[in-house]
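Residue numbers begin at 1 in each chain, while the letters A, B, ... track the order of the sequences.
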Number of protein chains: 2
Amino acid sequence: MANISDVARTAGVSPATVSRVFNGGRVTAERAERVRKAAAELGFSPNRVARSLRMQRASVIGLLIPDIENPFFTSLARGVEDSAQRTNLSVVLCNTDEDVEKERRYLDIALAEQMAGVIVAAASRKRTDLSALTARGMPVVAVDRRPRAAAVDAVMVDNQHGGEDATAHLLERGYRRVACITGPAGASTSEDRLAGYRAAMHEAGVPDDWTRAHTRHADFRVDGGYAAMRELLALRTPPDAVFVANNLMTVGALQALREAGIEPPEFGVLSFGDVPWASLVRPPLTTVQLPSYDLGASAAALLQDRLAGSDKPLQTVVLRTVLQPRESTRGPDGAG
Amino acid sequence: MANISDVARTAGVSPATVSRVFNGGRVTAERAERVRKAAAELGFSPNRVARSLRMQRASVIGLLIPDIENPFFTSLARGVEDSAQRTNLSVVLCNTDEDVEKERRYLDIALAEQMAGVIVAAASRKRTDLSALTARGMPVVAVDRRPRAAAVDAVMVDNQHGGEDATAHLLERGYRRVACITGPAGASTSEDRLAGYRAAMHEAGVPDDWTRAHTRHADFRVDGGYAAMRELLALRTPPDAVFVANNLMTVGALQALREAGIEPPEFGVLSFGDVPWASLVRPPLTTVQLPSYDLGASAAALLQDRLAGSDKPLQTVVLRTVLQPRESTRGPDGAG
DNA sequence: TTGAAAGCGCTAACAG
DNA sequence: CTGTTAGCGCTTTCAA
């Protein structure tokens with residue numbers, strides 16, 4: 001593999017000149033041409049490791065997501081990638097598996113590899129610790145979930161409002177006993193969506209006791225949704241509708257309903273976030289649609305801003321959700 | 001950020017000794033202890049960039065996959081990741097989007113970043129070019145798809161056999177006019193599965209003309225499967241069953257069938273590869289099950305072998321598929 | 001505009 | 001077992 005001195009020698013210039021040609025320094029056109037030709041001839045491409053060492057910063061950003069098998073996050077990842085490509089940053093995808101320990105390891109790697117910055121959908125609100133990075137001046141952007149104590153830019157979804165909207169919609173359509181399956185107690189997304197649900201129920205005059213008794217925390221995965229739904233169905237006063245706080249748990253909940261011989265829209269089902277392969281689900285599901293791609297794109301834009309040296313005060317961008325009514329919440333009487 | 005000399009100074013030893021402590025060299029217990037203490041005190045962790053530059057090799061491997069939104073590949077990625085973790089390798093995931101150009105860019109990065117090795121599910125059989133890497137001695141393992149000219153280790157699935165099995169199953173169950181939707185003409189997986197289909201049809205005495213007329217190439221995505229299925233249904237002699245060569249296209253095909261008011265098992269549907277969220281599909285789908293996780297794990301194992309210096313001759317590991325009969329191919333008469 | 005030279009943090013060869 | 005030393009390939013002063 002040819003290096004910068006090889007190129008310099010064949011072009012009859014100094015290594016510094018070659019470096020300038022590749023980094024937009026001032027070089028006369030004639031020399032620059034000679035350098036480019038020599039580089040092409042030798043198949044030279046700059047060694048990024050050496051460059052990173054010298055610059056004390058790599059042109060790679062880390063993207064930490066909690067579940068690579070959740071289409072929400074893969075779509076978010078695409079948003080990041082597309083946006084990053086514009087400034088020639090490459091994206092390293094790390095799957096933390098909702099595991100704070102694994103997440104910590106990846107954060108360490110980001111530091112040790114001198115990545116330019118990190119975008120993270122935190123595994124835990126309380127326990128994810130970004131201070132090691134921020135303390136060393138590495139730009140960090142939180143996306144989708146905001147770790148409690150972190151002083152970082154963030155891109156979020158208006159979870160509470162979305163949850164409130166969703167619940168109000170179910171009540172409007174005539175469901176009387178609306179339950180909620182939300183995520184782990186630690187996560188900001190879980191709690192905000194739950195807060196929205198509670199607010200709407202309270203507003204509708206449902207006693208807080210009832211609401212609390214018909215709330216379940218699960219793990220944002222299919223199995224968790226399944227188990228929670230079964231519990232709810234086994235209650236003395238089972239619900240006639242459910243607001244499920246993420247897409248995968250909705251898949252599980254639907255499964256549990258099917259096994260119990262219950263079908264929407266007689267029983268209302270509303271999912272926060274698009275269910276993967278929604279086209280396969282009958283009847284079509286009412287969902288709160290999340291701007292997953294834009295979430296990623298905005299986060300990357302924010303990060304690139306910081307990398308370019310911006311020292312604006314920290315900001316949080318909140319993206320809107322959109323309620324998409326479909327068959328699964330048509331109403332308990334099956335009318336219209 | 002403390003560096004190796006800082007640690008050496010506080011521990012009262014030389015940088016070389018510190019390096020040895022962190023890399024398993026021979027150091028007396030007492031000194032090693034002093035070094036570890038100093039390192040902890042200063043919050044030292046070795047700079048991987050400097051190490052990579054010096055060693056001419058990073059402890060990162062690249063994983064190039066064509067579609068991050070396909071659960072088959074995410075599961076494969078998990079296999080790679082879990083296996084890599086055993087030797088402290090981190091995995092960089094790159095989404096090539098079935099785009100040879102994008103793939104080439106990532107391969108360049110792998111080279112420039114001096115990654116330890118690369119595992120690649122090639123975007124194209126003909127046009128994916130791995131020679132730049134192999135020429136520079138970088139270990140490469142092909143997984144799932146084998147670029148034609150590449151001299152690399154590989155982990156594959158017995159696609160042809162799987163396709164043959166699947167088709168034979170449909171014929172056995174009494175379907176008479178079995179069509180096939182396969183992937184892009186360039187991909188090895190497409191062609192091998194198609195070859196299996198053809199062999200089984202030929203064996204059953206179906207004229208090759210008919211078989212050819214009822215074959216469609218699509219792009220391994222949902223929309224492609226949808227369009228292909230619509231074409232097949234519009235034929236003068238429409239099929240009464242279809243063998244679809246990947247999971248996402250099956251989702252599309254099912255959609256097209258539904259729109260046409262056709263439901264399995266009256267019309268037989270068999271998918272090569274598990275359909276995501278299969279639990280949502282009614283009736284349950286017959287599938288050729290692929291060992292996606294093991295594919296990734298084996299590829300990583302092979303790569304680690306090379307990294308450890310193995311110079312065995314190149315090998316190809318072929319993993320078996322398993323036919324999982326379910327409702328969607330019960331037979332055209334709906335009997336049993 | 002250009003080149004010489006220093007040095008990013010680490011590991012490995014060598015000498016002790 | 002330990003320390004000294006050279007250098008991986010690049011960018012960036014500094015002086016010309």
Indicate yes or no: does B:Lys312 engage B:Asp305 in a salt bridge with an N to O separation below 4.0 Å. yes

OP1, OP2 of C:dG9 versus side-chain N and O of B:Asn3: anything below 4.0 Å?
yes

**Prompt:** Is the closest side-chain donor-acceptor distance between A:Arg51 and A:Ser19 under 3.5 Å?
**Reply:** no

Residues of residues 21-32 of chain B with a heavy atom under 4.0 Å from any atom of DNA chain D, listed by number, are B:Arg26, B:Val27, B:Thr28, B:Arg31

Rounded to whole Å, the CZ-P distance (A:Arg57 to D:dT11) equals 15 Å

Taken to the nearest whole Å, CE/B:Met55 to P/D:dA6 is 22 Å

Atom CG of A:Asp6 and atom C1' of D:dC8 are separated, to the nearest Å, by 13 Å

Review point. Is the closest side-chain donor-acceptor distance between A:Arg146 and A:Thr189 under 3.5 Å?
Key: no

- Query: Are A:Glu81 and A:Arg78 close enough for a salt bridge, meaning some N to O gap below 4.0 Å?
  - Reply: no

A:Asn47 CG to D:dT11 P, in whole Å, measures 9 Å

Whole-Å distance, B:Arg9 CZ to C:dG9 C1', equals 13 Å

key: B:Asn159-B:Arg145 side chain donor-acceptor pair, cut-off 3.5 Å   = no

Under 3.5 Å, which protein N or O atoms sit close to an N or O of nucleotides 13-16 of chain D? Give each pair with its distance.
none

- Determine: side-chain N/O of A:Gln56 to OP1/OP2 of C:dG9, distance under 4.0 Å, yes or no. yes

Taken to the nearest whole Å, CZ/B:Arg34 to P/D:dC1 is 16 Å

Would you please say whether a donor-acceptor pair under 3.5 Å links the side chains of A:Ser83 and A:Gln304? yes

Out of C:dT11, C:dG3, D:dG9, minimum distance to the side chain of B:Leu53 belongs to D:dG9

Residues B:Tyr106 and B:Asn95: side-chain donor-acceptor under 3.5 angstrom:
no

Assign each of B:Arg54 and B:Gly12 the nucleotide of DNA chain D bearing its closest heavy atom; nearer the 5' end lies the nucleotide of B:Gly12

Separation of C:dT11 atom C1' from B:Gln114 atom CD, nearest Å, is 14 Å

Closest heavy-atom pair, A:Leu53 versus B:Ala50, reported as atoms and distance to 0.1 Å, is CD1-CB, 3.7 Å

Of A:Arg51 and B:Ser14, the one whose closest nucleotide on DNA chain D sits nearer the 5' end is B:Ser14

From CG of B:Leu111 across to C1' of D:dG9 the rounded distance in Å is 15 Å

Pair A:Arg57, A:Ser52: side-chain N/O donor-acceptor within cut-off below 3.5 Å: no

